[in-house]
Amino acid sequence: MHDTVKDGRKTRRWLVAYPRATPLAIFTLIAAITSLSVFAIERGERRREDARLTATSMSIASAIERRANTSSAYLRAGAALFGTVDGVPSSLFRRFVSELRLDSDYRGVEGVGWAEVIRPEQVAAYEARIGMEVPGDPRVRPRPGPERDRLVVVTYLQPDTQRARRALAFDMYSDPVRRAAMDEAERTVRPTASGRIVLAQEGTGRPPGFLIFMPVFDQVGGMRQLKGFIYSPFNGRDFLRSAIQTESRNRIEVRLFDGATPSSDALLAELGDDRSVGQVRRERIEVANRTMLLEVESSGGNSLSMLSMLTLLFGLMVATLLMIVARLLTQQAVEDQASLDWLAEQNAIRDTLTRELNHRVKNTLANVLSIVSLTRRRATNLDEFAEGLDGRIRALSATHDLLTQSEWGTTPIRDVIEAELAPYAQARGVLELAGPTVELAPNDALSLGLAIHELATNATKYGALSVPGGKVRITWALDRDDLVSLRWVERGGPLVSQPRSRGFGTDLIEKIVAHELRHPVELQFEEQGVTCTLFVPVRQPSEFEIRARRRALAANRSEG
């Protein structure tokens, strides 16, 4: 329990000491935890995406290679068949292609074709023969030049469509890309894919594709002689689509490049939304003795996943809510601490005032005891004792009233004098007061008031205030910043006889007042009248510091 209370106090001190930093620190901490959570989620998502992308790319690469291998197997079978017959009649070729069932088992291919090898001098005979076997009047193109010694002319292309007939009689050996693939197929005697081309049946400006060639040989005198090529044309996009139609392509883009380097000039096909900016996985594949590059790219990009977005939004909401709660708690803690400080200050003021009141009561009682003692010694009967004691107690009371009005703060010296001389100021011109504005501390005001009372009482009985025409002039001046001198001068009263016996008032002024003011009193009984000079210190009471601090605190609260 003690540890819990101690921790609570420590937390409150933090809230009070850092009213703005604490809510901000809480917000920053929660935001940092949220960011780490989002980072961990995104890292896991990237790893899962990478694994999924790897599996997808390998699966698509395998599907492409299977398609290419299936096509190559069919071409090998056709080469074996056509190598055993003299020539390749159209009926045999059509029957062979029909057995392949291209619509169901040969998906992604534009068909199967036969390209016969002829010499330039055989072009006319070839055109005459082929014109009898295929519809239309196909002509070999481009026409061979004198430097040509071999032509590989498209003779048949199944299925027989208007689009396929565009390729008939096209000399594929005239194209360097096709020629390179055919030469490689002849050298290796295996199906060989060409580079990136536009199919003859497509026309110019059409999507690119490629061809797979398989050479067909005749055995003449124990030696092989190239008869022609059985081949399959592939539209790159259709081939890629057929290879991956069983694979999931959600949020991915697939590209197939001719060769091992991705570039726009080598792009064979592209499937996707063309907006993918995510992770990329590349796989090298072998398609009919030629290297191609498969590129699979996710379309996730740099955007956050749904789980990350929810985590981020939830974390920011929690951080904001906690910051608001911490701010409210901080404000409450500051207000509570201000209340505690105010109560502590009030207790301190009360204790100070109690001690001060105790001190002043003791001083007042000491003064009263001194007055009683001196009055008793000088009085000859009970009435005289009571009268003297009553007047002096009233003098203390008048000064106390002034101090009470100023909340026991400083009191102007003029107010003290006027309060004590109020009973003697009936006639104008009897009293003259002159001096600057000077504030006196409470104890000094009490001592000065008692001295003025005794001087006024003496003047009333024996001096200037005892006869008509008498005057009393009281002047004061600041001798130093911390000391004021006051001069009492009586004129116009009875002549003062010399020597004169010392009375109670004289003893009270010279003993009690001088002791309280801590400066000597100069009292002279001149023949023209009594003259008295008092020196009163100018000082500030200690309780004013408490009041000033309280006022400053109140001012700060009002500004806040």
Side-chain angles (χ1 to χ4, degrees), residues 367 370-371 373-375 377-380 384-385 387-396 398-399 413-435 438 440 444-479 483-537:
N367 289 335
S370 299
I371 292 172
S373 177
L374 290 174
T375 304
R377 277 189 239 165
R378 300 291 181 178
T380 57
E384 184 181 356
F385 171 77
E387 183 182 355
L389 186 61
D390 179 72
R392 294 178 178 102
I393 296 299
R394 286 181 183 278
L396 287 176
T399 308
I413 191 172
R414 178 182 288 274
D415 291 350
V416 176
I417 297 172
E418 288 179 348
E420 295 297 338
L421 296 181
Y424 314 105
Q426 295 88 354
R428 180 182 298 274
V430 173
L431 302 175
E432 295 183 9
L433 305 180
V438 179
L440 298 181
D444 299 332
L446 286 172
S447 300
L448 178 62
L450 188 59
I452 296 298
H453 171 76
E454 291 303 324
L455 290 172
T457 301
N458 182 73
T460 302
K461 290 181 177 181
Y462 311 107
L465 298 180
S466 64
V467 296
K471 291 185 178 181
V472 176
R473 178 177 174 80
I474 304 172
T475 58
W476 62 92
L478 271 174
D479 295 347
L483 186 66
V484 62
S485 61
L486 183 143
R487 185 173 176 81
W488 173 287
V489 178
E490 298 181 22
R491 291 294 182 266
L495 296 178
V496 178
S497 60
Q498 298 290 341
R500 181 180 176 180
S501 60
R502 299 178 61 83
F504 168 74
T506 304
D507 289 341
L508 186 144
I509 293 173
E510 292 183 343
K511 293 181 180 179
I512 298 178
V513 175
H515 173 73
E516 290 295 329
L517 297 179
R518 298 178 183 176
H519 286 83
V521 177
E522 299 177 2
L523 186 59
Q524 298 176 356
F525 294 91
E526 299 176 355
E527 186 176 355
Q528 295 83 1
V530 175
T531 301
C532 181
T533 303
L534 299 169
F535 295 94
V536 185

Non-hydrogen side-chain atoms of E432 and K471 separated by less than 4.5 Å:
yes
In Å and rounded to the nearest 0.5 Å, what is the CD1 to SG distance from I474 to C532?
10.0 Å
Output the distance between atom CD (E522) and atom OG1 (T531), rounded to the nearest 0.5 Å.
10.5 Å
Gap between atom CG of D479 and atom CZ of F535 - 0.5 Å precision
6.5 Å
If we only count heavy atoms from C-beta on, is the L523 to L455 side-chain gap below 4.5 Å?
yes
Between A464 and V472, the two heavy atoms sitting closest are CB-CG2, 4.2 Å
Do you know the tightest heavy-atom contact between L440 and P537?
CD2-O, 4.1 Å
Please step through side chain to side chain contact (heavy atoms under 4.5 Å, CB included) for the pair V416 and I452, ending with a clear verdict.
CA-CA 9 Å; V416 176; I452 296 298; 5.6 Å; no
For a quick test of reading the model, state the closest non-hydrogen atom pair linking P494 to G463 and the distance between them.
CD-O, 3.3 Å
Between the CG atom in L534 and the CG atom in L486, the distance rounded to the nearest 0.5 Å is 5.5 Å
Going by salt bridge (Lys or Arg N to Asp or Glu O under 4.0 Å), name the residues that satisfy it together with R487, two or more places apart in sequence or in a different chain.
none
Heavy-atom nearest pair, A459 first then W488, reads CB-CZ2, 4.2 Å
What residues, two or more places apart in sequence or in another chain, satisfy side-chain hydrogen bond (donor to acceptor under 3.5 Å, both in side chains) together with R414?
none
Distance-minimising heavy-atom pair for A434 and R473:
CB-NH2, 4.5 Å
